[in-house]
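Right, one structure below, let's go through it.
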Amino acid sequence: MRIQLEAPAKLTLSLRVTGIRDDGYHLIRAEMVSLDIFDSQSLDPEGSEFVVINQGKSTQGEQDDLVQQALRAVNCQAGVVLTKRIPAGAGLGGGSSDAAAILRWANQRDPQVAAAIGADVAFCVAGGRAEVSGIGEVLSPLEHVDQTFTLYTPAMHCSTPVVYQAWDSLGGPVGENGNDLEPAALHAYPALAEHRDFLGSATGQQPRLAGSGSTWFVEGHFEGPGLVIAHTLAPQ
């Protein structure tokens, strides 16, 4: 019997870089929330094949995918059909949430285990709303607040390591909109500015960058081409 898992997107509402560890990992203090945008997984505990379906196209998944890393972390083998709806490289934590769904299925909620897979995985295991610190493994749950956001994700991929490298090279800028990675992302990917301005013009609001990008968001419900409406979710 196949097991159905859901993996909700995460949205980073604010992010401050508070330091750098000796191993090069950046320390953060961030507020994150879960959104009602989902990847889904169909899991066969007796299988082993890993298939990814993205925009209707089916491919063999990679062994270094975060889903496979999560299965290895819980010492499990399973067949997985992963249907992607959260865009990659968009700052919405799709890969991290996919891994977190596996950890929840295996009843593995240790933040240290999750953070060893990826910095956002620990939050995605817990879900809801939280202050996140350390490299992502320290969670302080916050009271759930019903919020609506309008997201705009351009057809471009932002690499988190590249954005952090840009932050370092710029001398550690402070983001005026509450996200220290925003000026670094704009430096590394200048085309982000036109997409920010598109959302700003469409909504009349000041867009904020989701984590390291490429998604821009504003609070509230605004209709328009390419705009996605999302709502916050309670903890998993």
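Positions are given from 1 along the sequence.
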Looking at Thr215 and Ala90, what are the two nearest heavy atoms and their distance? OG1-O, 2.9 Å
Connected via hydrophobic side-chain network under 4.5 Å: Leu92 and Met156: no
Nearest atoms (heavy-atom pairs only) where Gln108 meets Val125: O-CG1, 4.3 Å
Which value, rounded to the nearest 0.5 Å, describes the distance between Gln165 atom CD and Leu170 atom CG? 12.0 Å
When rounded to the nearest 0.5 angstrom, what is the spacing between OG in Ser133 and CD in Glu31? 13.0 Å
Around Tyr25, counting heavy atoms of other residues, nucleotides and ligands shown, do more than 12 lie under 6.0 Å from its OH? no
Check: Arg2/Ser42 side-chain N/O donor and acceptor closer than 3.5 Å: yes
Cluster link Trp216 to Val218, ILVMFWY, side chain under 4.5 Å: yes
So which atom in Lys10 and which in Cys124 form the shortest heavy-atom distance, rounded to 0.1 Å? CG-SG, 4.0 Å
Under the 3.5 angstrom rule, does the side chain of Ser169 hit a backbone N or O of Ala166 as a donor-acceptor pair? yes
Quick one, Ile86 and Phe38 - any side-chain contact, counting heavy atoms below 4.5 Å? no
Worked check of side chain to side chain contact (heavy atoms under 4.5 Å, CB included) between Gln147 and His231: CA-CA 6 Å; Gln147 291 175 285; His231 308 87; over 6 Å; no
When you measure from the side chain of Ser34 to the backbone of Gly128, do you find a donor-acceptor pair of N or O atoms at a distance under 3.5 Å? yes
Check whether more than 12 heavy atoms from other residues, nucleotides or ligands sit under 6.0 Å from atom CD of Gln60, and answer yes or no. yes
Testing Thr18, Leu15, Thr12 for side chain to side chain contact (heavy atoms under 4.5 Å, CB included) with Ile28, which one passes? Leu15
Between Val67 and Leu82, is any pair of side-chain heavy atoms under 4.5 Å apart? yes
Same hydrophobic cluster for Leu186 and Leu181, using side-chain heavy-atom links shorter than 4.5 Å among ILVMFWY? yes
At what distance, to the nearest 0.5 angstrom, does CD1 of Ile229 lie from CZ of Phe222? 8.5 Å
Is a side-chain donor or acceptor of Asp120 paired with a backbone partner of Gly93 at a separation under 3.5 angstrom? no
Would a single hydrophobic cluster contain both Leu13 and Met32, if residues Ile, Leu, Val, Met, Phe, Trp and Tyr are joined by side-chain heavy-atom contacts under 4.5 Å? no
So, do Cys76 and Trp105 sit near enough that their side-chain heavy atoms are less than 4.5 Å apart? yes
How about Glu219: does its CD atom have over 12 heavy atoms from other parts shown lying under 6.0 Å from it? yes
Output the distance between atom OG (Ser201) and atom CD (Glu194), rounded to the nearest 0.5 Å. 12.0 Å
Check whether any side-chain heavy atom of Gln68 lies under 4.5 Å from a side-chain heavy atom of Phe50, and answer yes or no. yes
Using modelled atom types and a 3.5 Å cut-off, is there a donor and acceptor pairing between side-chain atoms of Thr83 and backbone atoms of Ile53? no
For the residue pair Glu6 / Gln41, report whether a side-chain donor-acceptor contact shorter than 3.5 Å exists. no
Considering residues, nucleotides and ligands other than Asp22, do more than 12 of their heavy atoms fall under 6.0 Å from its CG? no
Does a side-chain N-to-carboxylate-O contact under 4.0 Å join Arg129 and Glu143? no
Taking atom OG of Ser214 and atom CG of Leu209, what is their separation to the nearest 0.5 Å? 8.0 Å
Take atom CG in Asn75; do more than 12 heavy atoms of anything else shown fall under 6.0 Å from it? no
For the CD atom of Glu137 and the CG atom of Asp110, what is their distance to the nearest 0.5 Å? 10.5 Å
Whether over 12 other heavy atoms sit under 6.0 Å from Gln55 CD: no
What class does the angle between the rings of Tyr152 and His195 fall in, given that below 30° is parallel, 30 to 60° is tilted and above 60° is perpendicular? tilted
Taking the side chain as everything from C-beta on, heavy atoms only, tell me whether Phe123 gets closer than 4.5 Å to Leu139. yes
Is there side-chain contact between Leu27 and Ile135, with at least one heavy-atom pair below 4.5 Å? yes
Please check: side-chain N/O of Tyr189 versus main-chain N/O of Ser159, any donor-acceptor pairing under 3.5 Å? yes
Is the centre of the His26 ring less than 6.0 Å from the centre of the Trp167 ring? yes
Do you see a donor-acceptor pair shorter than 3.5 Å between the side chains of His144 and Asp146? yes
In terms of side-chain geometry, is the basic nitrogen of Asp39 or Arg85 positioned less than 4.0 Å from the acidic oxygen of its partner? no
Counting neighbours of CZ on Arg16 that are heavy atoms of other residues, nucleotides or ligands and sit closer than 6.0 Å, is the number greater than 12? yes
Do Val52 and Ser58 pass the side chain to side chain contact (heavy atoms under 4.5 Å, CB included) test, and can you show the C-alpha distance, the side-chain angles, and the key distance before you say yes or no? CA-CA 6 Å; Val52 179; Ser58 179; over 6 Å; no
Could you go step by step and tell me if Asn54 and Lys57 meet the side chain to side chain contact (heavy atoms under 4.5 Å, CB included) rule? CA-CA 5 Å; Asn54 193 354; Lys57 183 179 179 181; 5.7 Å; no
Are the side chains of Val138 and Val132 in contact, using a 4.5 Å heavy-atom criterion? no
Closest contact, heavy atoms only, Ala185 versus Leu192: O-CD1, 3.6 Å
Just do the side chain to side chain contact (heavy atoms under 4.5 Å, CB included) check on Thr232 and Leu11 with the steps written out, would you? CA-CA 9 Å; Thr232 51; Leu11 183 64; over 6 Å; no
Quick one: are Leu5 and Ile102 in side-chain contact, heavy atoms under 4.5 Å? yes
Grab the two heavy atoms, one from Ala78 and one from Leu71, that are nearest each other, plus how far apart they are. O-CD1, 4.1 Å
For Gly211 and Asn179, work out which heavy atoms get closest and say how close. O-ND2, 2.8 Å
